[in-house]
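Shown next, in structure tokens, is the structure this report addresses.
Just the heavy atoms: all of them, side chains too, but no hydrogens, waters or symmetry mates, feed the values below.
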Amino acid sequence: MITSVVRLDDVPASERFDFWWQAVARSVVSVSASSDRAADFWAEMTTIDLGSVPISRVRCAGFEAHRSMRRIRSSDPEAYLISLVLRGSSGILQEGRETLLAPTDLMLYDTSLPYKAWTASDPRDTATGRHQAGSDGLVLQIPHDALPFPAPEIRRLLAARIAGRQGVAALLGDLLRGIVTRSDELSTADVGRLSTVILDLVIAVLAHELEVAPTPLLTDPGRTLTLRIRAFIEQRLGQVDLSPAVIAAAHHISLRHLYRMFQQEGHTVGGWIRQRRLERCRRALADPRLDGIPINAIAARWGFPNDSHFNRTFRRAFGVTPAGYRWQARKGRLIRDN
């Protein structure tokens with residue numbers, strides 16, 4: 001399992017605050033931030049790569065962060081974020097809803113909508129004069145299209161407190177804490193299984209919070225299998241050998257059954273894989289953080305090892321070459337910045 005750690009120990013004190021938020025932009029999402037501890041800021045982030053649902057544990061001094069429409073237009077992973085507070089307190093304002101969270105609480109918010117977020121120290125740390133008084137929490141990233149709920153229903157839950165001491169929310173919290181605590185005991189083979197379990201629990205938590213009555217969307221085994229297969233594909237888009245045969249074997253179904261499932265939704269298996277890969281490439285080409293990465297490297301990262309094939313496929317899908325699309329994205333950013 002791939003784990004990365006960001007620390008500030010070797011960064012000059014005067015550069016730590018800016019360095020930290022650049023790291024947050026790379027790992028989670030881009031924001032503008034301020035802190036009364038900016039001059040002596042401390043922070044640490046451990047990110048566990050679980051494919052389409054990475055988890056980050058973030059410990060840091062108190063801060064206030066804003067995500068504006070300008071930043072969203074510049075770079076958006078199009079994801080929902082779920083925060084779990086471990087220590088201290090945090091809050092968020094989104095969609096006109098403002099919520100303060102305490103340890104064990106969870107909260108959902110959307111990277112595609114503006115928000116303000118903040119954290120505060122644990123009062124016990126402040127009272128005892130603890131040097132690194134601050135907050136401690138987990139952030140789970142989930143692609144928009146990984147959840148089976150209509151967007152208006154999801155928006156009802158944005159910036160709302162989800163009590164995490166009991167029920168299915170407690171199960172989700174326990175699982176996330178366990179993965180972070182014991183990540184060194186987990187293998188890369190565990191990634192697919194764990195991400196599927198996490199996604200199932202997230203769906204269950206949100207369904208409970210929405211008070212959704214049992215419907216075919218959530219209880220039909222066929223629909224559940226479709227969601228699992230899509231999650232499986234999402235986690236392996238960069239693997240060139242991803243094929244209908246591999247997908248069918250991994251889910252113990254026949255190729256004919258797999259083809260029929262996608263046909264019922266108006267897709268082919270190969271077409272769906274190609275569409276998701278192209279979307280990942282499109283996002284990467286528009287991301288200013290990846291401007292220095294060659295186009296062929298981005299294409300290869302998302303399952304297109306042949307340059308000419310990628311260029312033709314991208315142009316057919318978006319009406320412009322990959323190079324032209326990247327140029328348009330850069331030009332658009334320059335116009336907005338000026």
Side-chain angles (χ1 to χ4, degrees), residues 28-29 45-48 50-59 79-111 113 115 117-120 122 135-183 186 190-191 193-215 217-220 223-224 227-228 231:
V28 187
V29 71
M45 174 165 54
T46 302
T47 300
I48 302 169
L50 289 175
S52 60
V53 287
I55 304 173
S56 297
R57 181 176 186 178
V58 180
R59 288 175 277 196
Y80 295 110
L81 304 180
I82 292 182
S83 288
L84 168 62
V85 179
L86 301 178
R87 189 178 182 88
S89 62
S90 67
I92 196 163
L93 171 63
Q94 189 171 62
E95 289 286 272
R97 187 181 296 114
E98 184 173 356
T99 303
L100 182 66
L101 304 180
T104 74
D105 288 341
L106 298 104
M107 172 177 58
L108 177 77
Y109 51 113
D110 190 344
T111 67
L113 296 171
Y115 65 78
W118 63 94
T119 66
D122 188 317
S135 63
D136 187 355
L138 306 181
V139 179
L140 174 68
Q141 302 175 55
I142 304 171
H144 281 168
D145 53 15
L147 297 180
F149 306 101
E153 291 297 297
I154 294 287
R155 290 177 82 145
R156 288 171 48 198
L157 294 180
L158 298 179
R161 172 180 174 269
I162 299 175
R165 292 189 180 276
Q166 60 184 11
V168 69
L171 292 176
L172 176 60
D174 289 344
L175 176 61
L176 297 181
R177 282 188 289 266
I179 290 173
V180 169
T181 302
R182 314 191 72 159
S183 61
L186 305 173
D190 296 321
V191 169
R193 293 184 286 268
L194 283 173
S195 58
T196 298
V197 173
I198 290 171
L199 189 57
D200 285 346
L201 277 176
V202 168
I203 291 171
V205 168
L206 299 183
H208 175 81
E209 294 299 314
L210 289 168
E211 297 181 343
V212 175
T215 66
L217 181 66
L218 298 175
T219 60
D220 175 38
R223 178 59 179 170
T224 301
L227 291 173
R228 288 181 183 275

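Rounded to the nearest 0.5 angstrom, Leu176 CG and Leu171 CG are separated by 11.0 Å. In this structure, CG on Leu140 lies 10.5 Å from CG on Leu201, to the nearest 0.5 angstrom. Leu101 contributes atom CG, which lies 8.5 Å from atom OG of Ser89 (distance to the nearest 0.5 angstrom). If you take CG on Leu100 and CH2 on Trp118, they are separated by 7.0 Å, rounding to the nearest 0.5 Å.
The minimum heavy-atom distance linking Ala169 with Ala163 is given by the pair CB-O, 3.4 Å. When all heavy atoms of Arg87 and Pro103 are compared, the pair lying nearest together is CA-CG, 4.2 Å. Residues Ala207 and Phe149 share a closest heavy-atom pair of N-CZ, 3.8 Å. Shown here for Ala159 and Ile92, the closest heavy-atom pair between the two residues is CB-CG2, 3.5 Å.
You'll find the side chain of Ile162 stays beyond 4.5 Å of the side chain of Met107, heavy atoms only. Between Val202 and Ile82 the shortest side-chain heavy-atom distance falls below 4.5 Å. By the 4.5 Å heavy-atom criterion applied to side chains, Leu157 and Leu210 are counted as neighbours. Val28 has its side chain within reach of Ser56: a pair of non-hydrogen atoms, C-beta onward, lies under 4.5 Å apart. By the 4.5 Å heavy-atom criterion applied to side chains, Ile198 and Leu50 are counted as neighbours. Within the 4.5 Å cutoff, the side chain of Ile48 has heavy atoms near those of the Val180 side chain.
When each of Leu172, Leu84, Ile55 is tested with Arg177 by the rule side-chain contact (heavy atoms from CB on, under 4.5 Å), just one qualifies, namely Leu84.
With Gln94 contributing its side chain and Leu113 its backbone, the two residues share a donor-acceptor pair below 3.5 Å. Looking only at distances, a side-chain donor or acceptor of Asp105 sits under 3.5 Å from a matching main-chain atom of Ala102.
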* To do: Let me see the working for Ile154 and Leu108 under side-chain contact (heavy atoms from CB on, under 4.5 Å), right down to the final yes or no.
  => CA-CA 9 Å; Ile154 294 287; Leu108 177 77; 3.9 Å; yes

* To do: Determine, stepwise, if the pair Ile179 / Leu194 fulfils side-chain contact (heavy atoms from CB on, under 4.5 Å).
  => CA-CA 9 Å; Ile179 290 173; Leu194 283 173; 4.2 Å; yes

* Would Tyr115 and Asp110 satisfy side-chain contact (heavy atoms from CB on, under 4.5 Å), going step by step from the backbone distance to the final call? -> CA-CA 8 Å; Tyr115 65 78; Asp110 190 344; over 6 Å; no

* Give the C-alpha distance, both sets of side-chain angles, the deciding distance and a yes or no for side-chain contact (heavy atoms from CB on, under 4.5 Å) between Leu147 and Leu199. => CA-CA 8 Å; Leu147 297 180; Leu199 189 57; 4.0 Å; yes

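With respect to Asp136 and Arg57, a salt bridge is recorded, a charged nitrogen being found less than 4.0 Å from a carboxylate O.
Using a 3.5 Å distance cut-off with no hydrogens or angles, the side chains of Thr111 and Tyr80 do not pair a donor with an acceptor. Between the side chains of Ser90 and Thr119, no donor N or O sits under 3.5 Å from an acceptor N or O.
Remark: Arg155 CZ is loosely packed, at most 12 non-hydrogen atoms of other residues, nucleotides or ligands lying under 6.0 Å away.
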